[in-house]
Structure formats: structure tokens, C-alpha cells
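Below you'll find the structure, written out as C-alpha cells, and then a few comments.
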Amino acid sequence: MQSYGYAGPPELAEGTGPATMGTPVASPADFDGWAAGRDPGDLAEPWTYVVDLTGTLRLAARRSEHVACAGGLPVLAAGEVRFERDGGRWTVAEVTNQSTGYRPGPECWPAVAAALDRAGLARPGAFTHVFVFRECPGCAELNVVKDDFYYCAHCDGPLPRDPVRPGGSGR
């Protein structure tokens, strides 16, 4: 599987490491233990997640940086996830690849699906919202591509169709 290295602002990665990593959720028991200590209202909000290089889902509060959740390490996937109860069972209501720090492509879905399956969470068959990230070669600004419009929102320059993956194992 392809990995994604952190490509966001360096100051956000400062001080990251094992102490900042999100809670690992590698089984249904792990998820139940994590959820048991949470307010139900908090669980209805989106959470920051990464899938680490071992394929383990890691969860942190939504306002956490993905790079902190990952301990500064490369990941297989990153984004936001929202849970809900359905008939007494936890399910994934929404899941995205929204991480401007790691900029994972939609092709990271299999890593997310496998991690959610290991955690015992019913899930959708794909991301509920997909984000496409591109850095402008002209002005170096990060863009979220919308409606297949590959032009920079800052300088109107053309954006590359193919992703460039700094710090990851794939291009």
C-alpha cells in the first residue's frame, strides 16, 4: 500500500512523537473501550483519524492535527470520521480523506476500510466525501480541486492532474 508523508507546515509537526499519537483502535474491544469514556454528544462530532503503517486506526479529537495523531510518522490514510449508533452497534456515518497535512488520495480507501473492519465498525463502501489535493507549481499554494477544475484558486495557474507525494512511498 502507498504511504503518505507529512507535507504540511513544519511548525505543526514540531513536538510530535509517541506522546501525541492518537488512540489505537485495532479491535471491536478497543473501540468499545475508547467510546465508553466519551460523552455521546462528542461521539456525534467528527474525529481526526489516521491509519498508521501497521494498518491500525488511530483516533484523536477533531481539532487535533493529523501529524500529531500519527506521531509525526508517515501514514496509509488520514481524514475525518463520524460515528453513530445503529441498532445498538457502532457504525461509521461519514468518513473522508480530508487531511491537508498528509494529502491522501482517494486510493487510500482500502487501508481505511481494512482498519474500520478490524475495529468492528459497520462502514460505507467508499469515502462519503472525497478530497483531491494539489499544490500549485506556480505559487506553491495548496488547493482542493473541486468539480474537476484543475486551476489554482490563488494564481489561476494550471494544477497537475497527477498527485505529487512528498515524503510518501508512491507518486
> If you round to the nearest 0.5 Å, how far is SG of Cys155 from CG of Leu159?
Replying inline: 8.0 Å

>> Would you say that Pro124 contacts Val92 through its side chain, given a criterion of any heavy-atom pair below 4.5 Å between the two side chains?
In response: yes

> Checking side-chain contact (heavy atoms from CB on, under 4.5 Å) for the pair Leu142/His154: CA distance, chi angles, key distance, verdict?
Replying inline: CA-CA 9 Å; Leu142 178 62; His154 303 274; over 6 Å; no

>> List the residues meeting ring-ring contact (aromatic ring centres under 6.0 Å, His included) with Phe127, not counting sequence neighbours, and say none if there are none.
In response: Trp109

>> How long is the straight-line distance from OG of Ser99 back to NE2 of His66, given to the nearest 0.5 Å?
In response: 4.5 Å

> What pair of heavy atoms forms the shortest contact from Gly72 to Thr16, and how long is it?
Replying inline: CA-OG1, 3.3 Å

> Could you state the interatomic distance from CG (Leu57) to CG (Asp52), rounded to the nearest 0.5 Å?
Replying inline: 9.0 Å

> Between OH of Tyr150 and CZ of Arg134, what distance do you get to the nearest 0.5 Å?
Replying inline: 4.5 Å

>> If you compare all heavy atoms of Cys108 against all heavy atoms of Asn97, which two are closest, and at what distance to 0.1 Å?
In response: SG-CB, 4.4 Å

> Which atom pair, heavy atoms only, marks the closest approach of Val51 to Val112?
Replying inline: CG2-CA, 4.1 Å

> Which pair of heavy atoms, one from Glu135 and one from Ala140, lies closest together, and at what distance?
Replying inline: CG-O, 3.5 Å

> With side chains defined as the heavy atoms from C-beta onward, is the minimum distance between Met1 and Pro110 less than 4.5 Å?
Replying inline: yes

> Would you say Thr96's side chain and Glu80's backbone share a donor-acceptor pair under 3.5 angstrom?
Replying inline: yes

> Do the side chains of Asp117 and Arg123 get nearer than 4.5 Å, heavy atoms only?
Replying inline: yes

>> For Ala122, give me all partners under side-chain contact (heavy atoms from CB on, under 4.5 Å), at least two apart in sequence or on another chain.
In response: Arg89, Thr91

> Side-chain contact, heavy-atom cut-off 4.5 Å: Val75 with Ser3?
Replying inline: no

> Distance from Glu84 atom CD to Leu121 atom CG, nearest 0.5 Å?
Replying inline: 11.5 Å

> Considering residues, nucleotides and ligands other than Arg63, do more than 12 of their heavy atoms fall under 6.0 Å from its CZ?
Replying inline: no

>> Is there a path of hydrophobic side-chain contacts, each under 4.5 Å between heavy atoms of I/L/V/M/F/W/Y residues, joining Val132 to Tyr151?
In response: no

> Heavy-atom distance under 4.5 Å between the side chains of Phe133 and Val145, does that happen here?
Replying inline: no

> For Gly55, does its backbone N or O pair with a side-chain atom of Arg118 as donor and acceptor, under 3.5 Å?
Replying inline: yes

> Do Trp34 and Trp47 have ring centres separated by under 6.0 Å?
Replying inline: yes

> Are side-chain heavy atoms of Glu45 and Arg82 found at a separation under 4.5 Å?
Replying inline: no

> Are a donor atom and an acceptor atom from the side chains of His129 and Glu94 found within less than 3.5 Å of each other?
Replying inline: yes

> Which pairs, with at least one residue in residues 67-79 and sequence neighbours excluded, count as a salt bridge (Lys or Arg N to Asp or Glu O under 4.0 Å)?
Replying inline: none

>> Using the ring pair (Phe, Tyr, Trp, His ring centres under 6.0 Å) definition, which of the options Phe131, Tyr49, Tyr4, Tyr6 pairs with Tyr102?
In response: Tyr6

> So do Pro74 and Leu53 actually touch side chain to side chain, heavy atoms under 4.5 Å?
Replying inline: yes

> Do any N or O atoms from the side chain of Asn143 and from the backbone of Ala153 form a donor-acceptor pair under 3.5 angstrom?
Replying inline: yes

>> Would you say Val25 ends up clustered with Met21 if hydrophobic residues are merged whenever their side chains have heavy atoms under 4.5 Å apart, either directly or through other cluster members?
In response: no

> In Å and rounded to the nearest 0.5 Å, what is the CZ to CG distance from Arg38 to Leu59?
Replying inline: 8.0 Å

> What are the two closest heavy atoms between Val95 and Ala126, and how far apart are they?
Replying inline: CG1-O, 4.3 Å

>> Could you report the tightest heavy-atom contact between Thr48 and Cys69, atom names first, then the distance?
In response: CG2-CB, 4.2 Å

